[in-house]
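This report refers to the structure that appears directly beneath it.
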Amino acid sequence: MHPQRKQRLIVVLLIVFGTGIAVALASFALRENINLFYPPAEIAAGKAPVGKQIRAGGMVLVGSIKRDPNSLRVDFVVTDYDAKVPVVYTGILPDLFDEGQGVVASGKLDSNGIFQATEVLAKHDENYMPPEVQSALDAATKTAE
Amino acid sequence: MGSPRWYYQISGQWLPWIAIVTVSLLVVGSIWGLAIAPMDFRQGNSYRIIYIHVPSVFVAMSGYMVMAIAAAITLIWKMKLAEVVMKCCAPIGAGMTFIALLSGSLWGKPTWGTYWVWDARLTSVLILFFLYLGVIALYEAFEDNISASKACAILSLVGSVNIPIIHWSVEWWNSLHQPATLKLTEESTMHPDMLYPLLIMIAGLYCLFALLLLLHTRSEILVRERGTKWVKELIAAK
């Protein structure tokens with residue numbers, strides 16, 4: 001390779017790797033802010049601030065949803081199968097909100113360790129299949145049980 | 001080889017073929033994906049936005065890689081053709097990123113319950129959109145092509161760091177966006193009846209990118225080479 005081009009190649013590589021390292025360091029330092037939510041394990045361990053607007057994310061524990069018959073209040077438990085955080089929310093839930101499904105709730109953690117949510121978003125997974133396949137799968141699990 | 005004139009001639013021969021392939025892939029993929037593919041067991045029909053969302057993100061990210069590689073060639077070898085390709089990638093990529101953001105936002109409302117959330121995936125794709133716009137704006141800020149290309153090449157290279165961040169953002173950080181459905185090394189987590197039209201749409205959008213890039217680079221070359229003999233002969237012949 002021509003020495004001048006070789007020098008330019010080195011400059012190009014320096015630009016790419018230099019910015020790469022800079023961005024990696026910056027995003028590592030800011031990782032707490034880049035994470036969208038706290039998993040229940042961190043909330044239970046006291047790593048999440050109390051009384052500050054935060055987000056909690058995980059799975060809705062099966063059998064934990066309690067709907068108030070007189071209002072829009074919903075109580076449920078968010079878990080990461082490691083720890084559990086009780087959530088209270090009053091409002092309209094997204095269609096995909098269900099037991100055993102992912103959610104991201106934003107709100108404040110009160111001093112009793114209950115998460116007072118002001119917004120609940122549904123987090124869906126990366127699996128896509130037709131309804132018939134899902135019912136066939138459910139039937140197969142039932143026979144196996 | 002590699003001269004603008006050679007490229008203009010050879011790309012003219014490819015153009016009709018790529019156009020035919022693009023149109024047929026997009027027509028087949030859209031009809032299959034929107035009308036024939038089955039509904040999703042959880043999301044119902046709203047998941048069909050995937051047939052435009054995922055292909056447009058793929059092309060937006062690959063388009064950036066094409067632009068960054070052309071930028072490296074521009075800086076190292078000072079190749080005219082690479083300069084043109086780099087400049088022409090930006091508006092097409094910006095358009096694709098805009099489609100990806102818009103379709104994703106419209107998909108987010110019925111599934112997540114919100115149009116937008118500042119999670120790592122969504123934010124890094126928004127940065128990609130701004131990088132494309134930045135390259136376009138920076139190019140226009142210079143009077144001469146040489147300085148413009150040099151500045152844009154550096155910006156493109158700096159921004160290329162964002163591409164792996166977009167790809168791994170859903171694994172490195174907690175996000176609302178779900179992890180990837182299509183994987184290179186593992187089996188995809190999508191039923192084959194839904195997957196085939198998606199793959200056709202991805203191929204179709206890649207071809208559309210190639211087609212738009214060819215058309216845009218060809219017109220850009222004519223503008224730049226307007227003083228040369230071959231372009232004058234071309235115009236005289238028309």
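So you know, we letter chains A, B, ... as the sequences are listed, proteins then strands, and number each from 1. Being a predicted model, the structure only gives us computed values, none of them experimental.
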> Do the ring planes of F97(A) and F76(A) sit parallel (below 30°), tilted (30 to 60°) or perpendicular (above 60°)?
Replying inline: perpendicular

> Which one of V120(A), L36(A), V103(A) has the most heavy-atom pairs closer than 4.5 Å to chain B?
Replying inline: L36(A)

>> Quick check for you: to the nearest 0.5 Å, what is the distance between L198(B) atom CG and I200(B) atom CD1?
In response: 9.5 Å

> Relative to chain B, which segment of V23(A) carries a heavy atom at a distance below 4.5 Å: side chain, backbone, both, or neither?
Replying inline: side chain

>> Which atoms of L96(A) are under 4.5 Å from chain B, going by heavy atoms: the side chain, the backbone, both sets, or neither?
In response: both

>> Using only atom types and a distance under 3.5 Å, with no angle test, would you say the side chain of Y132(B) pairs donor to acceptor with the backbone of A60(B)?
In response: yes

> By a 4.5 Å heavy-atom criterion (distance strictly below it), what part of L182(B) contacts chain A: side chain, backbone, both, or neither?
Replying inline: neither

Donor-acceptor pairs under 3.5 Å, chain B to chain A, main chain and side chains both?
from, atom 1, to, atom 2, distance (Å)
D40(B), OD1, M129(A), N, 3.1
F41(B), N, M129(A), O, 2.8
R42(B), NE, Q101(A), OE1, 3.3
R42(B), NH2, L96(A), O, 2.7
Q43(B), NE2, H124(A), ND1, 3.1
I76(B), O, R8(A), NH1, 2.5
W112(B), O, A122(A), N, 2.9
N174(B), N, N35(A), OD1, 2.9
N174(B), O, L36(A), N, 2.9
N174(B), ND2, F37(A), O, 2.8
S175(B), O, K123(A), NZ, 2.8
Q178(B), NE2, Y128(A), OH, 3.4
T181(B), OG1, E126(A), O, 3.0
T189(B), O, Y128(A), N, 3.1
T189(B), OG1, E126(A), O, 2.7
H191(B), N, Y128(A), O, 2.9

>> Measuring only between side-chain heavy atoms, which start at C-beta, is I43(A) closer than 4.5 Å to V78(A)?
In response: no

> In terms of heavy-atom contacts, does CG of L137(A) have more than 12 from other residues, nucleotides or ligands at under 6.0 Å?
Replying inline: yes

> Tell me, side chain or backbone of V117(B) under 4.5 Å from chain A's heavy atoms, or both, or neither?
Replying inline: side chain

>> Is any side-chain heavy atom of M194(B) closer than 4.5 Å to one of P38(B)?
In response: yes

> Hey, is CZ on F17(A) packed in by over 12 heavy atoms from elsewhere, all under 6.0 Å?
Replying inline: no

> Do Y7(B) and V84(B) pass the side chain to side chain contact (heavy atoms under 4.5 Å, CB included) test, and can you show the C-alpha distance, the side-chain angles, and the key distance before you say yes or no?
Replying inline: CA-CA 11 Å; Y7(B) 173 80; V84(B) 174; over 6 Å; no

> In terms of heavy-atom proximity below 4.5 Å to chain A, should L195(B) be classed as side chain, backbone, both, or neither?
Replying inline: neither

> So which part of M190(B) gets closer than 4.5 Å to some heavy atom of chain A, the side chain, the backbone, both or neither?
Replying inline: both

> Which atoms of A180(B) come close to chain A, meaning under 4.5 Å heavy atom to heavy atom: side chain ones, backbone ones, both, or neither?
Replying inline: backbone

